[in-house]
Number of protein chains: 2
Amino acid sequence: MATASKLSQSRKPGRPSKSEDLRDVILDQAELAFAEFGFEGASLRDIAGRANVNQALTRYYFGSKADLFDACFLRRGGFLAGHRHVNLDRLLEKTPHPEVEDILLAYLKPQWDMKYSGPNGAAFVALQARLHAEPEEHALRLRREVYDASVKRYISALCDALPQIPRDLISTRMAFLVGTYLFMLNDLGRLDDLTDGHLNGFGKEDMLHQLVTFLSAGMRAAP
Amino acid sequence: MATASKLSQSRKPGRPSKSEDLRDVILDQAELAFAEFGFEGASLRDIAGRANVNQALTRYYFGSKADLFDACFLRRGGFLAGHRHVNLDRLLEKTPHPEVEDILLAYLKPQWDMKYSGPNGAAFVALQARLHAEPEEHALRLRREVYDASVKRYISALCDALPQIPRDLISTRMAFLVGTYLFMLNDLGRLDDLTDGHLNGFGKEDMLHQLVTFLSAGMRAAP
DNA sequence: CTTGTTATTATACATATGATTAATTTAACG
DNA sequence: CGTTAAATTAATCATATGTATAATAACAAG
């Protein structure tokens, strides 16, 4: 019996490539299912079915359902955090004292692009929004594990760009920002409802620009 | 056999008061459960158990689980929308041309107070955030049914206060706003994680003020 | 080819859940 | 009191689900 415990999540070095494939296929389908139905609403049978794979394989690779969800979130979340990290590095390298707009864009763009990279990218955005609305303790730990470090770096960068704003206010506003873009990205397709369709005039890039403008002004606001 | 169909949600006129009590007890406990575990995660048995009531009673009063959730949401959501409506009426009556800050405060204060009115008020905020992260079609309809009208009134008021900003931009920014405050209210207790505890200096009223400042600046931002 | 390990499947288990029905209690009313 | 309808409960049903185990297939090494 293979020890398919929680530790089996970490890839063992010499694994053949074929099996890596199925592993990722399962993750992809789990991502879609969790995004659409939520953690409790999604079923392992459905996920395995979508992936054309026996259900027991989910357990073999990931352990429990909760472990599968975590793997799902950590995969793309890690990628996202890394992307943000690099973006900030490049920005600071190019411009030692960047504008607020540039900092915010460096933070927002990766997720924005992910949203429009395909169905799974969009699904991950929905997954994040769900996780944010989840009061359970474990969900909080997950988010912190993935995002806290990079968020704190961005807070520092914003503090440098806005010396007149105290740090705790910047932190608070950064929390505002996360809520804004997460729910907004997730809700994008439905904004028409509020605007009687007037939103159609904005393209996707326009919308990102509008978001940055809105958030930058909020960041700059005098206390 | 009583026709306990979906129609039984609407209160019949001459119903005795004792049963109204149980109806509300169930709703209260359902609110707590749905907020904590989500729609799929919460169980009718658990809800009935918390309410010290037989499980079949949930069906008798509300029909299906989905109907119970709807009743749960509509009850407090309607109250909230009404409160916002009245707030805007009073504001416009007192000041024909109010400031952006006053309009936003009229919109935000009712939910803010609800959050701190007790466990069920806080639960409803969590419920809203969950519903907002829910991509399902029915969830969208629910939200629109409860909130759209009042949001549109506030958009009009903001248009009057900000004649230099086109209406579709105001609408877009109003959508930003909803994401911001919903997520932020839901996450309030955890903001410390991002701020290394620096947030403790802000009281609850302070925090509301910070939010209004942030959002007002965003609303005013030049396109 | 043989062997041993990993990957994959088929199958069964125990249980929790939403729905449902029938029986029982409560209360209003004549 | 006696009757009738509403409120409440007890008990059952069918099923979907996460977990678990054992059997089989694929495959690399010797």
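Residue numbers start from 1 in every chain, and the chains themselves are labelled A, B, ... in the order their sequence lines are given, proteins ahead of strands.
- Closest non-hydrogen pair, Ile103(B) versus Tyr154(B), comes out as O-CE2, 3.4 Å.
- Protein atom OH of Tyr61(A) is 13 Å distant from nucleotide atom C1' of dT9(C), rounded to whole Å.
- Not counting sequence neighbours, the partners of Phe124(B) by the ring pair (Phe, Tyr, Trp, His ring centres under 6.0 Å) test are Phe73(B).
- In this structure, Phe39(A) and Phe34(A) have parallel ring planes: the angle between them is below the 30° cut-off, well short of the 60° mark.
- Following rounding to the nearest Å, Leu57(A) (CG) and dA20(D) (C1') show an atom-to-atom distance of 15 Å.
- In this structure, the nucleotide among dT8(C), dA7(D), dG18(C) sitting nearest to the side chain of Tyr60(A) is dT8(C).
- Against DNA chain D, the stretch residues 28-56 of chain B makes heavy-atom approaches under 4.0 Å through Val53(B), Asn54(B), Ala56(B).
- Whole-Å rounding puts the Arg23(B) CZ to dA6(D) P distance at 15 Å.
- Listed pair Arg59(A) / dG18(D) fails the phosphate criterion, with no side-chain N or O lying under 4.0 Å from OP1 or OP2.
- Here the P atom of nucleotide dT19(D) and the CG atom of Leu68(A) are 10 Å apart, to the nearest Å.
- Between Arg141(A) and Asp70(A) there is no salt bridge, since none of the side-chain N atoms of the basic residue sits less than 4.0 Å from a carboxylate O of the acidic one.
- The existence of a salt bridge linking Arg59(B) and Asp67(B) is excluded, since no basic side-chain nitrogen approaches an acidic carboxylate oxygen closer than 4.0 Å.
- Counting heavy atoms from C-beta on, the side chains of Leu32(B) and Gln29(B) come closer than 4.5 Å.
- In this entry the distance linking CG of Leu22(B) with C1' of dA6(D) reads 13 Å, nearest Å.
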